[in-house]
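Inspection log for the structure reproduced underneath, given as C-alpha cells.
Just the heavy atoms: all of them, side chains too, but no hydrogens, waters or symmetry mates, feed the values below.
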Amino acid sequence: MPKLLSELKDIYNEKLDLVGPSGIRAFDKKISNIDGIVKLTIGEPDLNTPEHVKKAAMESIQNNDSHYSAQTGKLELRQAIANYLKKTQNLDYDPQSEVVVTVGATEAIYATFETMLNPGDKVILPTPTFALYYPIIKLLGAQPIMVDTSKDNFELTAEHLEEVIAREGDAVKSILINYPGNPTGVEYSKDNLEKLANVVKEHNLFMITDEIYCELTYGVEHYSIARLLPEQTIYINGVSKSHAMTGYRIGYVCGPKEFMQKLTKVHAFMITSPSNPAQVAAYEALANGLNDPIEMREIYRRRRDYIVSALETMGFDMATPQGAFYVFAKIPAKCNQNDTEFALDLAEKAKVGVIPGSAFGEGGQGYIRLSYAASDETIKNAMNQMKSYLA
C-alpha cells in the first residue's frame, strides 16, 4: 500500500479544508454498524426500476451501444426531456441548445454552480435544505447564505428574501430553491412562487430550481417557477426519484441558450458524456413511462400517512409532507433537544436510524429527518421501536 510522500501531503486544494463530508452520509455511516439497526436515513427508493426501463438498458448493451454519445447527451433523450417537461409542467426548452444530460442531478448542480459563480459571489439558500449545496459553493470560493425558514413553515417568503438581498448586497448572484423539499417535504404554493419571482426579477438574479421530487406530490399540483422566470431560471431534474433509478445516474439541466453554452463547456470537461445504456433507459422512462410514478406516488403517500400518524401519537410535531419522501419532525419537548445526540441515542438504544436535522442547515436544529423510501416492514418496525424508546 503506497504512503504519500511527506513533502506532498500539504499540496492539495486548500478550499477542501472549508468543507466536511456530507452530514447525511457521515451520520448514516456512523450508525450503520450498530447490530440490528433499522434505517430510515438515506433518500433512496426501495421500489424497483420499471421493467420496460430495465429492458431498454439491456437492449442498449446487447446492441453494442458502446460509443461516446454527444457531450450534451443523446439527442433523442434531450428531445424526450423537452417533451416530458412540456407535457407535465408546460415548460418550453429547445433540445438542441437548452438541455444538457448529466450524471445525476448532482453533476447538474455542480456544473451549474461552476458555470455561474466566481470567488466572493453569494448564493441564497432557504434552509433547512439538501446538504450537498453548501460544500460545492464553498469549494468554488463562493459563499452560501443560509436563510432560516423554520418560522414560516419552511417556505421562503418574498419579504424575507427582500431582507436578505438588502443585507447581503450586490455579491448575491442567485437563489436556489429545492421543492418539494428535502428534508421537509414542503411544496411551494403558486402564489408564493409568483411573489418570489417578482423579487428575483427586480434584482436581476439567477433562480436555480431543483425539482427532482416534482413527480412525488400528495394532494397538491406541482408548479415550476421556471414557468414564471424562463429567462432567469436554471432548471434541474432527473429520473432518480420519479422512476427509482438512482444507480443509473441520469439527471438534466435546462436553461437559456446563452447560459447553457457555457455550462456545456464545464460539463464536457467533467465527464465527456453520460453512459449510453443509462441514457437509453432514461429515454424509455420519460418517453413511455409517464404513468410509472403514479403507482410509486400512491405507495409513498400511504407510507407518509402511516409514519405521520405514528409519530404524532409519540408526541412529535411536524407539517404533513406535501411531496418527496421525508418527514421532518420536531423532537418532543421531553427529549434531548440536541438533534445529533438524540439521533445517536435513538440508534444505539432503539436501533432506529434517522438523520439529525442540523445536517440540513439553519432551522434544522431540534428536528430529525425520517425517510419513508423504505419498505413497509422497515417503517413499521422503526415506529414500534421508537414508540418503546420514547415510552
Original post:
Between K241 and E215, is a salt bridge (charged side-chain N to carboxylate O under 4.0 Å, His left out) present by the stated rule, with each step listed?
Top reply: CA-CA 8 Å; K241 315 300 184 181; E215 290 281 8; over 6 Å; no
**OP:** I would like to know whether K351 and D35 meet salt bridge (charged side-chain N to carboxylate O under 4.0 Å, His left out); could you show each step before the answer?
**Re:** CA-CA 8 Å; K351 309 295 185 184; D35 187 43; over 6 Å; no
Original post:
What's the verdict on side-chain hydrogen bond (donor to acceptor under 3.5 Å, both in side chains) for K330 and Q337, showing C-alpha distance, side-chain angles and the deciding distance?
Top reply: CA-CA 9 Å; K330 185 75 177 69; Q337 294 299 296; 2.6 Å; yes
Subject >> Derivation of the salt bridge (charged side-chain N to carboxylate O under 4.0 Å, His left out) call for K380 and E377 >> reply: CA-CA 5 Å; K380 183 177 180 180; E377 181 182 4; over 6 Å; no
Subject >> Candidate pair L311 and M386, rule side-chain contact (heavy atoms from CB on, under 4.5 Å), full reasoning >> reply: CA-CA 9 Å; L311 289 172; M386 286 182 66; 3.9 Å; yes
**OP:** Carefully, step by step, assess V199 and H203 under the rule side-chain contact (heavy atoms from CB on, under 4.5 Å).
**Re:** CA-CA 6 Å; V199 175; H203 292 279; 3.8 Å; yes
Subject >> Stepwise salt bridge (charged side-chain N to carboxylate O under 4.0 Å, His left out) check, R303 with D376 >> reply: CA-CA 7 Å; R303 292 175 179 175; D376 292 0; 2.8 Å; yes
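Residue L47 holds its CG atom at 11.0 Å from CD of E44, rounded to the nearest 0.5 Å. Once rounded to the nearest 0.5 Å, the distance linking CD of E258 with CD of E98 reads 8.0 Å. Rounded to the nearest 0.5 Å, atoms CG (L140) and CD (E114) are 5.0 Å apart. To the nearest 0.5 Å, atom CE of residue M296 and atom CD1 of residue I294 are 11.0 Å apart.
Remark: K349 fails to qualify as a cation-pi partner of Y389 under the 6.0 Å distance and 45° angle criteria applied to the six-membered ring.
Atom CZ of R25 has 12 or fewer neighbouring heavy atoms from other residues, nucleotides or ligands inside a 6.0 Å radius. The 12-atom threshold is not exceeded at CD of E295, counting heavy atoms of other residues, nucleotides or ligands nearer than 6.0 Å. Taking a 6.0 Å sphere around OH of Y12, one finds it holds more than 12 heavy atoms contributed by other residues, nucleotides or ligands. Within a 6.0 Å sphere centred on CG of D170, heavy atoms belonging to other residues, nucleotides or ligands number 12 at most. The number of heavy-atom neighbours closer than 6.0 Å to NZ of K29, taken from other residues, nucleotides and ligands shown, is 12 or below.
Among F154, F130, Y188, the one residue that satisfies the ring pair (Phe, Tyr, Trp, His ring centres under 6.0 Å) test with Y179 is Y188.
Residues K39 and S32 have side chains that bring a donor and an acceptor to within less than 3.5 angstrom of each other. Looking only at atom types and distance, the side chain of D210 has a donor-acceptor partner in the side chain of Y133 under 3.5 Å away. For the residue pair D339 and S358, a side-chain donor N or O sits within less than 3.5 Å of a side-chain acceptor on the partner. K86 and N90 share a side-chain donor-acceptor pair at under 3.5 Å. E59 and N63 form no side-chain donor-acceptor contact under 3.5 Å, judged by distance and modelled atom types alone. Side chain to side chain, T112 and T115 fail the donor-acceptor criterion of an N or O pair below 3.5 Å. Between Q279 and S69, the side chains place a donor N or O and an acceptor N or O closer than 3.5 Å (distance only, hydrogens not considered).
L290 places none of its side-chain heavy atoms less than 4.5 Å from the side chain of D292. Side-chain contact between T184 and P128: present, with at least one pair of heavy atoms (C-beta onward) separated by less than 4.5 Å. I379 has its side chain out of reach of L370: every pair of non-hydrogen atoms, C-beta onward, lies at least 4.5 Å apart. The shortest distance between side-chain heavy atoms of E211 and Y235 falls below 4.5 Å. Using a 4.5 Å heavy-atom threshold, the side chains of I42 and S371 count as separate. Under the 4.5 Å side-chain criterion, counting only non-hydrogen atoms from C-beta, S224 is not in contact with T233. Using a 4.5 Å cut-off on side-chain heavy atoms (C-beta onward), I31 and E348 make no contact. Side-chain contact between M207 and I177: present, with at least one pair of heavy atoms (C-beta onward) separated by less than 4.5 Å.
Using a distance-only test at 3.5 Å, with no hydrogens or angles considered, no donor-acceptor pair links the side chain of D121 to the main chain of V172. Panel note: side chain T129, backbone L125; no donor-acceptor pair is recorded below 3.5 Å. H267 contributes no side-chain N or O that, together with a main-chain N or O of V100, makes up a donor-acceptor pair within less than 3.5 Å. Side chain of T127 to backbone of E362: a donor-acceptor contact under 3.5 angstrom is found. Without hydrogens or angle criteria, H222 side chain to C214 main chain gives no donor-acceptor distance under 3.5 Å. Side chain of E155 to backbone of S189: a donor-acceptor contact under 3.5 angstrom is found. Distance alone, capped at 3.5 Å, is enough to place a donor-acceptor pair between the K122 side chain and the E168 backbone. Between the side chain of D148 and the backbone N or O of S150 there is at least one donor-acceptor pair closer than 3.5 Å. T88 places a side-chain N or O within donor-acceptor distance of the main-chain N or O of Y84, the cut-off being under 3.5 Å. No donor-acceptor distance shorter than 3.5 angstrom exists from the side chain of T41 to the backbone of G353, with no hydrogens or angles considered.
Residue K15 comes nearest to G141 through the heavy atom pair CE-CA, 3.6 Å, listed as atom of the first residue, atom of the second, then distance. Taking each heavy atom of F342 and C335 in turn, the nearest pair found is CE1-CB, 3.8 Å. Of all the heavy atoms in P45 and T246, the pair that sits closest is CD-CG2, 3.7 Å. Here the shortest heavy-atom pairing between P256 and P230 reads CG-O, 3.6 Å. Among all heavy-atom pairs drawn from P183 and F360, the shortest one is CG-CG, 3.6 Å. Summarising the geometry of R369 relative to V354, their closest heavy-atom pair is O-CB, 3.6 Å, with the distance given to 0.1 Å.
By the 30° and 60° cut-offs, the orientation of the rings of F325 relative to Y300 is tilted.
Checked against a 6.0 Å centroid threshold, the rings of Y326 and Y213 count as neighbours.
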